[in-house]
Structures are given as C-alpha cells and as structure tokens.
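Positions are given from 1 along the sequence.
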Amino acid sequence: MGKLNIKVGDTYVFTKQVSNEDVFSFAEVSGDKNPLHLDDEYASKTMFKGRIAHGMIGAGVISAAIGMGLPGVGTTYLGQNLRFKKPVKIGDTLRVELEVAEITPKEKFDIATLKTICKNQNGEIVIDGEATVIPPRE
C-alpha cells in the first residue's frame with residue numbers, strides 16, 4: 001500500500017457562489033422541482049420570504065471540497081451527516097471548511113473522518129456535519 005497523504009489536523013477551505021443557474025440545473029438533474037427553489041411568487045409567501053437553494057447544493061459543495069481538495073482526487077465517499085442550520089440564498093458564497101478529525105487504519109485501506117462546516121459569506125454556519133471517506137494513497 002502507498003503512503004497516506006493526510007494526517008489528523010489537516011485543513012482545507014473551498015468556496016463557491018451559488019447561482020440561479022445552479023439552482024435550476026440542480027432541479028433538472030435531481031428532479032427536485034419544489035417551488036420553494038424555483039418559483040418567486042410561491043417562495044415569497046413562505047417563512048423564507050423568497051427562493052432558497054436546495055440544501056443538497058450545499059452538500060454538493062462539501063463533496064466538491066472533499067473530492068477535489070482534502071483528501072482530494074481519488075477519495076471514496078462512505079458517508080456524510082448533515083445538519084442544515086440556515087437557508088442558502090441564491091447568490092450566497094459558500095465557504096466549506098474541512099478538517100481531518102480521525103484516521104482509522106483498516107487491513108486494506110484507511111478511513112478518514114472529516115469535520116465538514118459550510119458557512120455563508122456572513123460567516124454563519126449553514127450546514128454542519130461529518131464525512132467518512134477512504135482517502136487515496138500515493
């Protein structure tokens with residue numbers, strides 16, 4: 001087995017702005033066409049007073065940070081806990097903060113546990129969670 005390129009305490013930050021196009025594309029890809037995300041008139045009458053992005057778009061940005069940053073390309077996702085704390089509004093810039101919390105060696109691979117926090121541009125936590133992954137080796 002090759003060398004593991006991460007260690008407990010490693011961190012990574014990834015940002016992405018959520019666009020109107022992202023929301024409509026996600027609705028097409030996923031089939032989630034809830035008017036809360038797509039219809040201004042409907043959404044204006046909800047507790048949010050306007051359209052919000054699908055929660056899973058934020059989860060997808062977490063996935064991008066893991067797959068492209070830490071641990072990076074070749075990572076295999078095993079699980080993800082998500083707690084949605086605040087809505088993501090269209091135009092928000094999401095900041096995903098990852099931290100390697102634990103590495104558990106197994107016979108054929110290791111399992112890494114990552115803290116996954118997603119904040120908006122105001123520093124408010126919108127999604128809090130934890131991922132388990134198989135990190136790639138050299």
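Cluster membership for V18 and F24, using ILVMFWY side-chain heavy atoms within less than 4.5 angstrom, is shared. In terms of hydrophobic clustering, with Ile, Leu, Val, Met, Phe, Trp and Tyr side chains grouped at heavy-atom distances under 4.5 Å, F48 and V126 are assigned to different clusters. Cluster annotation: V88 is connected to I57 through the hydrophobic network of ILVMFWY side chains, with a link wherever side-chain heavy atoms come within less than 4.5 Å.
In terms of heavy-atom proximity, Q80 sits nearest to A131 at OE1-CB, 3.2 Å. Between K86 and I125, the shortest heavy-atom contact is CG-O, 3.9 Å. A pairwise comparison of heavy atoms in L114 and L70 identifies CD1-O, 3.8 Å as the closest pair. Considering all non-hydrogen atoms of both residues, A43 and L36 come closest at CB-O, 3.7 Å. K7 and V100 make their closest contact through O-CB, 3.4 Å (heavy atoms, listed as atom of the first residue, atom of the second, distance). Shown here for V73 and P136, the closest heavy-atom pair between the two residues is O-CG, 3.4 Å.
Under the 3.5 Å distance criterion, the side-chain polar atoms of T113 are left unmatched by any main-chain donor or acceptor of A101. A donor-acceptor pair is defined here as one N or O able to donate and one able to accept, closer than 3.5 Å; no such pair exists between the side chain of D10 and the backbone of Y12. The main-chain N or O of E124 is never found under 3.5 Å from a side-chain atom of N122 such that the two would form a donor-acceptor pair. In this structure a side-chain-to-backbone donor-acceptor pair under 3.5 Å is missing from H54 to F26. Judged by distance alone, the side chain of Q121 and the main-chain N or O of D92 form no donor-acceptor pair under 3.5 Å. Between the side chain of T11 and the backbone N or O of L98, no donor-acceptor pair lies under 3.5 Å. Judged by distance alone, with hydrogens and angles left aside, the side-chain atoms of N120 form a donor-acceptor pair with the main-chain N or O of G123 at under 3.5 Å.
Between atom CD of residue E102 and atom NZ of residue K115 there is a gap of 11.0 Å, rounded to the nearest 0.5 Å. Atom CD1 in I90 sits 12.5 Å away from atom CD in E21 (nearest 0.5 Å). Taking OG1 of T116 as the reference point, atom CD1 of I62 lies at 4.5 Å (rounded to 0.5 Å). From E97, atom CD reaches atom CD1 of I117 across 6.0 Å, with rounding to the nearest 0.5 Å. To the nearest 0.5 angstrom, T132 atom OG1 is 8.5 Å from Y77 atom OH.
Every residue meeting the salt bridge (charged side-chain N to carboxylate O under 4.0 Å, His left out) condition with K45, not counting sequence neighbours, appears here in chain and number order: E41. With sequence neighbours excluded, the residues that form a side-chain contact (heavy atoms from CB on, under 4.5 Å) with F84 are M56, L82, I127. Annotation: ring-ring contact (aromatic ring centres under 6.0 Å, His included) contacts of F14 (sequence neighbours excluded): none.
Between V133 and P71, the closest side-chain pair of non-hydrogen atoms falls below 4.5 Å. Inter-residue side-chain proximity for I111 and L78 is flagged as met; some heavy-atom pair is nearer than 4.5 Å. At a threshold of 4.5 Å between non-hydrogen side-chain atoms, the residues T93 and R95 do not count as touching. When side chains are defined from C-beta on, N5 counts as touching E138, because their heavy atoms get closer than 4.5 Å.
In this structure, a donor-acceptor pair under 3.5 Å is absent between the side chains of S25 and D22.
D39 has no carboxylate O lying under 4.0 Å from a charged side-chain N of R51, or vice versa, which leaves the two without a salt bridge.
In this structure, K89 places its NZ atom where only 12 or fewer heavy-atom neighbours from other residues, nucleotides or ligands lie under 6.0 Å away.
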